[in-house]
Structures are given as C-alpha cells and as structure tokens.
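Report on one structure; see the data block that follows.
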Amino acid sequence: MDVPRTVTTALEDRPVDGAICLEAGAGVGNTTAGLLANGAACVYAVTDDRTHAETTLERVLANHNLADRNRDGEQIERHLAVLEADLRRVPLPNDTVEVITAHGLFNVVPPADLDAIIGELTRVAASGCHLVVDDYEPLPETAAVRDLFALENAAAQLVDAKPMLTFYPSATLAWLFAGHGWTVDRSRTLLDPVPWTESHLEAHADVVRSKIDALPADSELGGALLERAEALVAAIGSESAGEMYSIAFRRPE
Amino acid sequence: METRDLGSTGHESTVVTFGAIALNWLEQEGANQLVELVLDRGVNHFDVAPTYGDAELKLGPKLRQHREEIYLGCKTQERDYDGARRKLERSLDRLGVDHIDLYQVHGLEYEDELEAITGEDGALAAFRDAKAEGLIGDIGLTSHGNPQLILDAMDRIDDLATLMFPLNPVVAAKGDDGHDYEAVLERAEEAGIGTLGIKAFAKGSWPPTEELPEADRPYANWYEPVETPEAIRERFDFAASQGLSTVVSPGDPKLVAMVLDAATRYDGMSEHEQRSLIEEARHDDSPVPEQLHH
C-alpha cells in the first residue's frame, strides 16, 4: 500500500530497521505500513478505536500484495500486533520500545490526557529510544476550516465534555516531553500549507454528525451545529492552511 | 527565464517548453501572436507533432522568421523505417524548415512497439540516417505509458538524448510501479538524458462523455486542467522543482500566458510545499474513508 510522504519524510532519518516499534494512535495504519516498509523488527500498533484497529490490520495485511508480504521468508503478520487499548494504559512492559511514532495523534488528545499519555510512552521507551511526534501547529486566524473544527469541538464538548481536536504548538509538546526527560533530536516541516481537502472536511463533518446523534433527538443546539457544519463544508470546499510539523526526540541512554 | 541543460544535447532549454499544439485552436493571426508572446517571454524550446491538427502549418511562418531562436522538437507515431521517414519529410515540409533539432518517437505505449522501433527496419534506423544527413539533431522518445517500458527503452536505445513523460502531484501521490515516473527521472539524470515533463497541469480526467460531451468541454486539453493562476503556478513550480530539464506548456492556448508567467517567476519550491500538493492529490483520490489526518 502507499505510504504517505508525510510518513516517509518523518521516518527517513530514524533508525527503524530492525527496531521494536510502537505506533501510538494507529489511525488507518499509514505509519505502521511505513515502519514495516523501513524494516521494523515488529510494530505494536495501538489504538482505542476498534474500527481503526480493524482498518489497520486490513490495510496492512489483506491489501498488501503477496510479494510485499514476504520478508526474509516470513509473513509480514509476524512483525505486526494491532492492540486495541487506551494510550493512558499501554499494554506493554517497561523499557521495551526502540522507536515510537505519534503521527497525527496529539491533535485528538484532550489537554487533560496529555500528561498520562506522555508518561506511558516514556515508561515503555527503552533507553536511547527514538520518538517521532508529527502534528499540526495551531491554524492561522484567517483559516476558514477553524470554524468547522470549532463546531466539531462544540459538539464533542456537549456530548463527551472534552474537545475533539486540539492543535498543540510544536514548542508546547517539546516542553512537555522535555519534562519527561526527552531531548529534541531534530524538527522539520512536513506540510506547509496543509491541504484540507473535500474528503477531510467531509470526515470532520461526519464527526459532528456522529456526536450530534448521541444528543437527545429534540436538541435544538445539535441540529443548529450540524446545519452550520454542513453549510461550512459546502462553502469551504477545500482549503490549504497551517503547518504540519515533525519533532524527533531521544530518550537519553 | 531560467534555462537548464537538456541532458547532454548541448542545448540549454528554458524551464518551460512551448507545446505548439496550442496553435491548432487559433486562426493564423492569433497563432502568430501566441508565438511572438512565447518568444517575448524568452522561451527557446518548442514542441510540435504532425498529429496536432494544423499546428505544424500554423507554427511555420513565425518559426521560419525566428528559426535561430528556437530549438525545435517534433515527433512521429510511425514505428517502421519508411513510415518514420515519410512523416519526417512531411513535417519538414509543413513546417517549412530544413532541420528539426529534436526528433522523437511519439507516444510509446507497448512492448512490441519498442521491438518495432529498435528493429532493423524500425523508426530509429530512419532517425539515425536522417541525423547523418543533417535533417535532425537529437533523438528522443515520448510516452504516457508504463514507466517500466520507458526504463527498458533507455536500456535499449544508446543514442537517446531526451525523454518526455508525465509528472505532476497526482502521479507522484501514487506509490505503485505503474506511476513511478520519478524512477525514470532519476535514471535519466544519471544517464545524462534530457527530460521534458508533460501533464504538469492535469487535474484529472474529463467527466464521461455522457455527462459532458466532448464538444462542451471548456478546454482543448486531453485532460481537465487546473485553471487559476495560483493553481497553474503551484503545478508549474512542482514540476520544475522535480529536476526535469523543462516543463511542456498545456495544449489549450487560454492557459499558455498563465504558464509563461509562472515560468518567468519560478524560483524553486520548498519540499514541504511539494509534499502539500502530493498530499492534496492523495486525499482527493483516496480509497480509504474517514481520514481526519495527513
């Protein structure tokens, strides 16, 4: 399967070959595929979303063509474990993982959960572990997609009492990880501007829709939020705005 | 306008090459004006073909007036010796010149065509004879086909001076071998072969003809092009920053001035901007639902 350039660019200077890896927040498996393509000894892909866990497995295994699936005479399955788990309680022992990736993870982590997750990633990291954090800088005030993300957060706050999306400045995450003993190895820009395509905007509108579904049917607020979200998606179409960054950290030996 | 070595031909091509098919859609007076505009912007490499309607005939007058300023590329779809020779003579006649600087095998698509052109009675033998007679200068090949076939052609044609092939973010976003024109570009660079990028401005295929009849398309291009100055500039900058020798302008005359402007202003494109365009194309075309992220 195709590994996005954002992933290949973030991994290209990291020692993935032969490493025990953890993809924190597996999404649809793009980074897991990138880690396997770069020769990871094994990848633990952790996500708390069952659909994502299934999609990761399906895309990385079933969609792999047969030629790609054999590596050193072994099936790629033997290099991959998809774990459905909460990143605040990673089901791995202490000091075991050599490369950790958090590609597009932290923007879906509410502020209240940040410290617990960073603590867990630090706990499972082996001495000398490499960590790659790829995420979005806060959007510029002029970006139209901010309004859509604001509606998404409003819907999530109503239903779950926590935001859906938080774009942490790279400097903020760097300080948080530094507080857990990590040092910054390098930082680079992955995307500038970030293309928010029609399919992205639809996906974000779907989040609003799914949150609203959990509200009482007569919720006027829910209906208004959804109507506004749909109007925004239609009005914006697509937009290129903001920056996606990649910070690589080391855990001291 | 920036110029770059066209491989080892000794010619330095401007970063944009004028795709003279655009002249086919204009009356002679308009065609003359477009050629003057292109030359005024400093473009020194033109590309034409006998299959582009009347483009050869309409290019003729201004080509002859400015012959020394123009490195002229032409091509043939004939695969055998006699056919290629006939088409070459016909093009020389229609263009009204006695020399074509770059003569190219046009639109190589199948393995058996490669067999045919490289055979004893093949088109390339006619090209070589014409080169010895001084009718043509360099020998090139163009293809929208499988990159692997182009790589094979490079292995089998020792005197290949240039290659013309598609390169744009939509193609770059596809990671499979069937779209790996970047491998062609890399090998061409190593081999000192000049590279001409086509389809740089393609947004996608036209809708099916039952939805949009061919006669109702707003542009003459084979594909639906990007059409705003910003998008044209992004696409030009992307193509020019991949390492191509030159980027061929699109086939519709309405787009040419915008492309000339982009080429005049070209000053590179950062890698993160290039990745943005690839990402955008990847998501436009993604089979995976519900992607919140990049």
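Order of the sequence lines fixes the chain letters, A, B, ..., with proteins taken first and strands second; residue numbering starts at 1 for each chain.
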What is the distance from atom [atom1] of [X] to atom [atom2] of [Y], rounded to the nearest 0.5 Å?
| X | Y | atom1 | atom2 | result |
| --- | --- | --- | --- | --- |
| E279(B) | H200(A) | CD | NE2 | 6.5 Å |
| R275(B) | L190(A) | CZ | CG | 6.0 Å |
| E198(A) | E280(B) | CD | CD | 10.0 Å |

[X], [atom1] atom: more than 12 neighbouring heavy atoms under 6.0 Å:
| X | atom1 | value |
| --- | --- | --- |
| W222(B) | CH2 | no |
| E186(B) | CD | no |
| E190(B) | CD | yes |
| Y44(A) | OH | no |
| E111(B) | CD | yes |

At a heavy-atom separation under 4.5 Å, does [X] approach chain B through its side chain, its backbone, both, or neither?
| X | value |
| --- | --- |
| N107(A) | side chain |
| S240(A) | side chain |
| T51(A) | neither |

Exercise. Please report the closest heavy-atom contact between I278(B) and R5(A), naming both atoms and the distance.
Key: CD1-NH1, 3.5 Å
Quiz item: What is the minimum heavy-atom distance between P195(A) and S276(B), and which atoms define it?
Solution: CG-O, 3.3 Å
Quiz prompt | Qualifying residue, where the test is side-chain contact (heavy atoms from CB on, under 4.5 Å) with H272(B) and the options are V194(A), T9(A), T189(A) | solution = T189(A)
Quiz item: In terms of heavy-atom proximity below 4.5 Å to chain A, should A172(B) be classed as side chain, backbone, both, or neither?
Solution: both
